[in-house]
Amino acid sequence: MQADRPRHVGARVQRVEDTRLLSGTARYIDDIRLPNMLHLSFVRAQYAHAKILEIDTDGLADLAYPTIVFTGKDTAGIAVTAHQDFPEMQFSEQPVLAEDKVRFVGEPVAAVLADDPYDAEDAAELVFIDYDPLTVVGTMAQARDPEMPAIFDNWKGNIFIERQMKGGDLDAAKAEAAHVIRRTFYNQRQTGVPMECRGVVAEYDQASRVLTVWTSTQIPHLVRTYICEELGLPESRVRVVAPDVGGGFGVKGQVFVEEVLVPWLAMKTGRPVKWIEDRREHMMASIHARDHEHTLEAYVSAEGRLLGLKADISVDVGAYSTYPFTAAGDPGMAAKVMPGPYDFQAYEATFRALATNKCPLGTYRGVARPSAVFSLERLMDEIAAELGMDPFEIRLKNVIRDFPYKNVLGFTYDPGSYAESLEKARDLLAADIAEAARSKASSDTRIGVGCALFIEQGAHGTPDFTRRRVPIETGYIAARVEMEPDGEVIVDVGLQNHGQGHETVMAQVAADVLGVDPSNVYVRQGDTLTTPYSVGTWGSRGGPLGGGAVHEASKILAEKLRAIAGHLLQTDKEKIVLYGGKAQVDGAEDRFIEIRKLCRIALRNVDQLPEGMIPGLEAAYSLDGSADGTYANALHAAVVEIDIKTGKMKLRRFLAVEDCGTILNPLIVDGQVRGGIVQGIGSAMLEHFIYDEECQPLSTSFADYLMPLATEIPNIEVHHIETPTPRTPLGAKGLGEGGAIGPAAAIANAVADALGISVLKTPLNGNEIWRLATAIREGE
Amino acid sequence: MRPTPFEYHRAESLDHALALLAEFGEEGRPLGGGQSLVPMMNLRLARPAHLVDINGLPLDFIEVEGDVLRVGALVRHERYLKEKVIGERFAAFHDAVQWIGHPTIRSRGTIGGSIAHADPSAELPAVAMLYGATIIARSANGERRIAADDFFLGAYMTALEAGEMVVAVEFPLPPAHSAGAFMEISERRSDFATVSVGAQITFSGGSITGARIVATGVELQPIRAIPAEEALSGKPLSACEARAAGRAFAEGIDPISDNVASSEYRRSLAAELTSRAVEKACQRALEAGQE
């Protein structure tokens with residue numbers, strides 16, 4: 001009915017949140033200051049694995065200012081637990097303050113409170129802990145060694161869980177194969193690094209018995225549920241608020257021990273308590289990511305058809321299982337997504353989560369997919385090299401073309417543009433490919449072109465989580481839309497913006513349905529007091545499910561507006577069009593009533609409502625994803641230039657051909673893709689969280705942990721193909737993580753192309769490129 | 001990431017600053033641009049009880065006096081890029097400045113701070129050695145003139161004594177028939193250098209008459225590449241055999257190894273950058289065409 005009129009969805013609408021984010025008027029966790037507030041500084045473990053013999057706090061008594069200190073004895077039994085409900089799972093409990101033992105450097109051991117944050121930090125230095133160091137489990141090999149001591153008392157060995165996923169007849173595929181290609185790939189340990197570190201402020205009001213917790217999180221409702229379950233509080237009287245969040249990237253998508261401890265301290269002391277994490281704490285004790293080792297064995301026909309794939313997946317998940325995705329999150333995800341965009345029907349994956357004395361692993365943009373895509377897409381190039389085929393040719397020969405496609409594990413893919421993206425990229429890269437070929441004669445400078453084709457499952461529904469048997473349990477997003485007597489719209493959605501631009505996009509969606517301008521829509525999120533229960537923002541679901549829920553709730557409200565307008569204009573409500581602030585009779589534009597007048601009637605002058613209509617303008621909708629979710633696809637390609645003598649690599653070009661279904665806002669899509677790619681470039685070339693043999697962290701500042709900077713990033717070209725999905729109301733697929741998924745694979749493939757060598761691990765830093773170029777350098 | 005308690009003192013004059021530093025001894029540190037000291041204090045790696053702020057002192061001069069370029073301790077790095085004498089006479093110096101940190105670091109950081117901090121990978125200590133500079137140190141007891149070659153003793157270790165501060169660095173003006181270049185490899189443009197090499201040559205009649213080459217990233221302080229310097233002597237500018245010079249240097253070193261770069265990688269970079277810096281210096285000499 002409104003198809004021919006310009007819409008807000010799909011338009012290049014500038015982000016409304018940027019005004020405050022860029023002008024310094026945003027309100028972050030550290031901006032929250034309450035009267036009589038105590039500041040918390042942690043004493044954190046200095047050993048990776050040790051018994052706590054004694055905690056000496058006598059030094060605090062001599063200070064000129066008062067302090068309060070709590071240790072694991074005070075908080076005994078309060079912990080974060082995250083179990084995957086399989087009999088194979090060995091359970092871990094992460095105490096909010098270490099009790100008898102510490103299991104990674106940075107684990108909180110004592111909490112020191114003072115009136116001033118500087119004093120709290122000085123006082124924390126005066127707490128002396130006597131440790132008895134234990135044998136450190138520091139590597140994947142050590143974690144798999146049954147001779148090593150278990151880091152949990154009741155465990156056998158140090159494997160959280162080892163399971164399998166399989167489909168089809170792998171033996172038959174192997175028997176039929178002309179080529180068997182086996183490689184082991186490794187991606188280094190990283191940390192997530194949002195610009196804003198974590199922080200929690202908590203205040204307990206004795207009068208109302210309401211506990212308010214401000215935390216820099218992506219998942220306010222899940223934090224509330226966890227706090228209430230762990231501390232025995234009613235969810236009705238606990239309010240969790242995420243203020244402006246300065247980046248999360250998945251890091252802030254777990255419930256952390258600090259988020260349970262700080263509210264407990266506020267209740268215990270009867271005073272507001274504030275903890276602001278510093279960068280060093282963040283890097284050693286929030287969550288880590290990646291650290292995957294995959295051995296893949298491909299069974300390939302003489303013509304280059306992939307017949308089957310066998311995978312062995314190990315992930316170093318650190319010392320504790322994280323809530324709500326658990327220690328099994330990364331290895332399970334790697335096993336699940338490994339089949340990727342290719343058509344084959346025999347697969348077997350063994351995957352395991354290995355416990356070590358390191359910071360726990362959690363979700364970080366892409367969650368296992370960057371590693372799975374690195375391994376599979378490197379393997380495709382290895383197969384191409386072995387068979388003497390071109391990387392595009394091998395992919396085009398194996399790529400899925402007919403949709404919906406049921407993959408080897410039973411997941412059904414919605415329509416995508418896999419082959420088209422390959423063909424488009426090949427055309428865009430023709431000149432680079434030719435130049436790369438010519439550079440092979442040089443032993444000074446080599447050019448390489450590499451690509452990575454991948455799919456990104458997003459917006460998956462409850463069945464996907466049920467299958468995993470993890471505490472996340474569901475994935476629906478709820479929205480409530482309300483109109484006020486003056487025609488203004490309030491959208492309350494169970495997401496939490498941490499950079500995505502929800503306030504802009506949700507307003508676009510509601511405005512189109514309600515016929516108003518986006519500037520008349522106020523989007524609220526992140527506060528459990530105002531927003532309906534939901535799982536928060538993660539897993540590339542804000543646009544497709546959050547946007548979808550806002551769309552469906554707005555439709556309910558629009559229906560009511562049309563009914564009122566039809567009554568007043570004495571026409572059938574089906575003939576009413578909501579557009580440009582007016583409810584008008586379709587085809588008779590002079591017959592209209594302003595929408596704000598309808599709102600006034602619905603809420604104030606209710607005597608004018610149709611007989612029997614209930615006053616009010618409020619609608620809610622909860623949207624779950626379809627069982628298998630949506631599958632966005634993308635092709636990333638890198639062109640690198642390598643100085644053979646110095647190992648210096650320059651990214652000459654990076655392009656993405658992406659398809660996220662219906663584009664809700666092209667500016668935001670491009671920003672999401674580019675931001676993700678920059679992080680992926682960091683994974684490929686720079687970011688490496690290093691531990692020494694005793695699991696002492698060596699990368700705890702930005703001098704040691706190298707983030708990609710503008711000087712290292714080329715202009716990123718983003719090309720779009722739009723294949724709307726039938727699985728969400730707006731045709732949008734999840735896209736938030738995609739940018740970070742492809743770059744490590746694309747860049748590694750480009751290096752392999754440039755140097756004519758196997759590339760099996762990241763980061764591809766100067767030393768590693770120099771090492772890989774040894775044969776060329778010495779052949780001169 | 002908050003510093004331990006300290007007292008802040010604003011120096012009203014150089015004598016005042018020196019008196020304060022004498023009083024505080026090991027507990028006192030002069031505060032210039034704060035680009036290394038303040039982060040180290042926030043990480044509690046440095047815990048001075050007293051900071052003596054010298055930013056108000058008249059130490060931000062760059063002046064040529066006879067055959068000497070005098071650079072005051074408070075000169076900020078970005079200024080060299082605008083100084084004509086640096087661009088025209090100190091090409092390697094000019095090259096090196098572009099590798100110092102980010103624009104913010106270059107606009108705040110000072111030469112006195114960089115020299116006194118003696119980060120093993122820093123550019124300005126290498127530049128000071130490359131030009132045979134003299135570090136002027138002052139304390140309440142008077143002035144000491146220390147040759148750059150004798151100043152840098154190890155990572156963050158210098159010949160400065162407690163109560164002493166750098167007030168200026170004196171660079172002898174290179175002779176007319178000279179040229180130089182500075183090369184660096186780092187993971188990112190603004191990072192601590194993995195290896196850097198500066199080369200300064202003098203020439204006559206189309207041949208090299210003398211060379212001075214300094215490298216960082218090999219030892220924990222900048223070192224002279226003496227075998228390379230010797231190898232270049234007498235070589236023609238147009239065929240100086242820079243590669244051989246680089247190899248001669250690299251063969252005699254046993255570089256440090258860390259998480260950024262292995263010893264082998266550093267050795268290879270030391271050879272390659274020596275070769276490239278010498279070639280660039282020779283190219284500049286030939287371009288100048290001043291024979």
Side-chain angles (χ1 to χ4, degrees), chain A residues 39 41 64 116-122 124-125 197 276-283 444 643-650 681-682 685-692 698-713 763-771 773-774 777-778 780, chain B residues 1-6 35-36 39-45 47 98-99 101-105 119 121-122 183-197 217 242-243 246-247 250 255 257-277 279:
Chain A
H39 292 267
S41 186
D116 179 282
Y118 282 77
D119 289 343
E121 193 160 332
D122 291 341
E125 278 199 336
C197 296
I276 298 297
E277 183 181 54
D278 68 31
R279 184 61 66 187
R280 188 161 175 273
E281 289 180 291
H282 184 79
M283 297 184 86
D444 288 325
D643 181 336
I644 297 293
K645 301 279 176 24
T646 65
K648 194 75 198 160
M649 173 159 75
K650 185 181 161 196
I681 290 170
M685 296 169 61
L686 293 163
E687 296 181 41
H688 190 185
F689 197 96
I690 301 172
Y691 281 99
D692 72 8
L698 303 180
S699 314
T700 58
S701 81
F702 288 144
D704 306 301
Y705 188 86
L706 308 184
M707 302 291 294
L709 301 176
T711 42
E712 277 58 56
I713 305 299
L764 294 162
N765 56 18
N767 203 149
E768 179 65 2
I769 297 286
W770 174 83
R771 193 184 66 81
T774 302
R777 196 169 47 248
E778 290 179 355
E780 70 178 3
Chain B
M1 281 196 168
R2 293 183 176 89
T4 49
F6 62 89
Q35 295 302 292
S36 299
M40 287 176 72
M41 286 171 64
N42 285 341
L43 290 165
R44 301 195 167 207
L45 297 171
R47 295 163 175 254
Q98 297 168 63
W99 288 99
H102 310 263
T104 41
I105 294 172
D119 185 292
S121 64
M183 298 276 174
E184 180 167 319
I185 290 285
S186 55
E187 284 298 306
R188 299 170 304 180
R189 174 80 206 181
S190 50
D191 276 327
F192 297 105
T194 307
V195 171
S196 70
V197 175
R243 287 216 152 260
R247 273 200 300 273
S257 184
D258 59 21
N259 288 313
V260 175
S262 65
S263 183
E264 296 71 30
Y265 182 38
R266 289 177 188 277
R267 184 197 310 282
S268 177
L269 287 179
E272 186 63 28
L273 294 187
T274 298
S275 160
R276 289 185 188 186
E279 270 169 18

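We name chains A, B, ... by the order of the sequence lines, and we start the count at 1 in each one.
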Residue among A:Leu709, A:Leu706, A:Thr700, A:Asn765 with most heavy-atom pairs under 4.5 Å to chain B: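 Heavy-atom pair counts peak at A:Leu706.
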
Among A:His688, A:Glu125, A:Lys648, A:Arg280, which residue forms the greatest number of heavy-atom pairs with chain B at distances under 4.5 Å?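 Among A:His688, A:Glu125, A:Lys648, A:Arg280, the one with the most close pairs to chain B is A:Glu125.
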
Can you tell me how far the [atom1] atom of [X] sits from the [atom2] atom of [Y], to the nearest 0.5 Å?
X	Y	atom1	atom2	answer
B:Asn42	A:Ser701	CG	OG	12.0 Å
A:Asp278	A:Met283	CG	CE	11.0 Å
B:Glu184	B:Leu269	CD	CG	11.0 Å
B:Asp191	B:Trp99	CG	CH2	10.5 Å

So for [X], is it side chain, backbone, both, or neither that comes closer than 4.5 Å to the heavy atoms of chain B?
X	result
A:Arg771	neither
A:Asp704	neither
A:Leu686	side chain
A:Glu121	both
A:Thr646	both
A:Glu768	neither

Donor-acceptor pair, side chain of A:Ser699 and main chain of A:Ile690, under 3.5 angstrom: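 Answer holds: yes.
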
Need one label for [X]: side chain, backbone, both or neither, based on atoms under 4.5 Å from any heavy atom in chain A.
X	answer
B:Ser190	side chain
B:Arg44	side chain
B:Glu187	both
B:Val195	neither

Flag yes if more than 12 heavy atoms outside [X] fall under 6.0 Å of its [atom1] atom; otherwise flag no.
X	atom1	value
A:Tyr705	OH	yes
A:Arg279	CZ	yes
A:Phe702	CZ	yes

How about B:Ile185 and B:Tyr265: do any of their side-chain heavy atoms sit closer than 4.5 Å?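 Yes. Closest side-chain heavy atoms under 4.5 Å.
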
Flag the one option from B:Ser268, B:Ala271, B:Pro39 with the top tally of heavy-atom pairs under 4.5 Å to chain A.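 So the answer, after comparing B:Ser268, B:Ala271, B:Pro39, is B:Ser268.
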
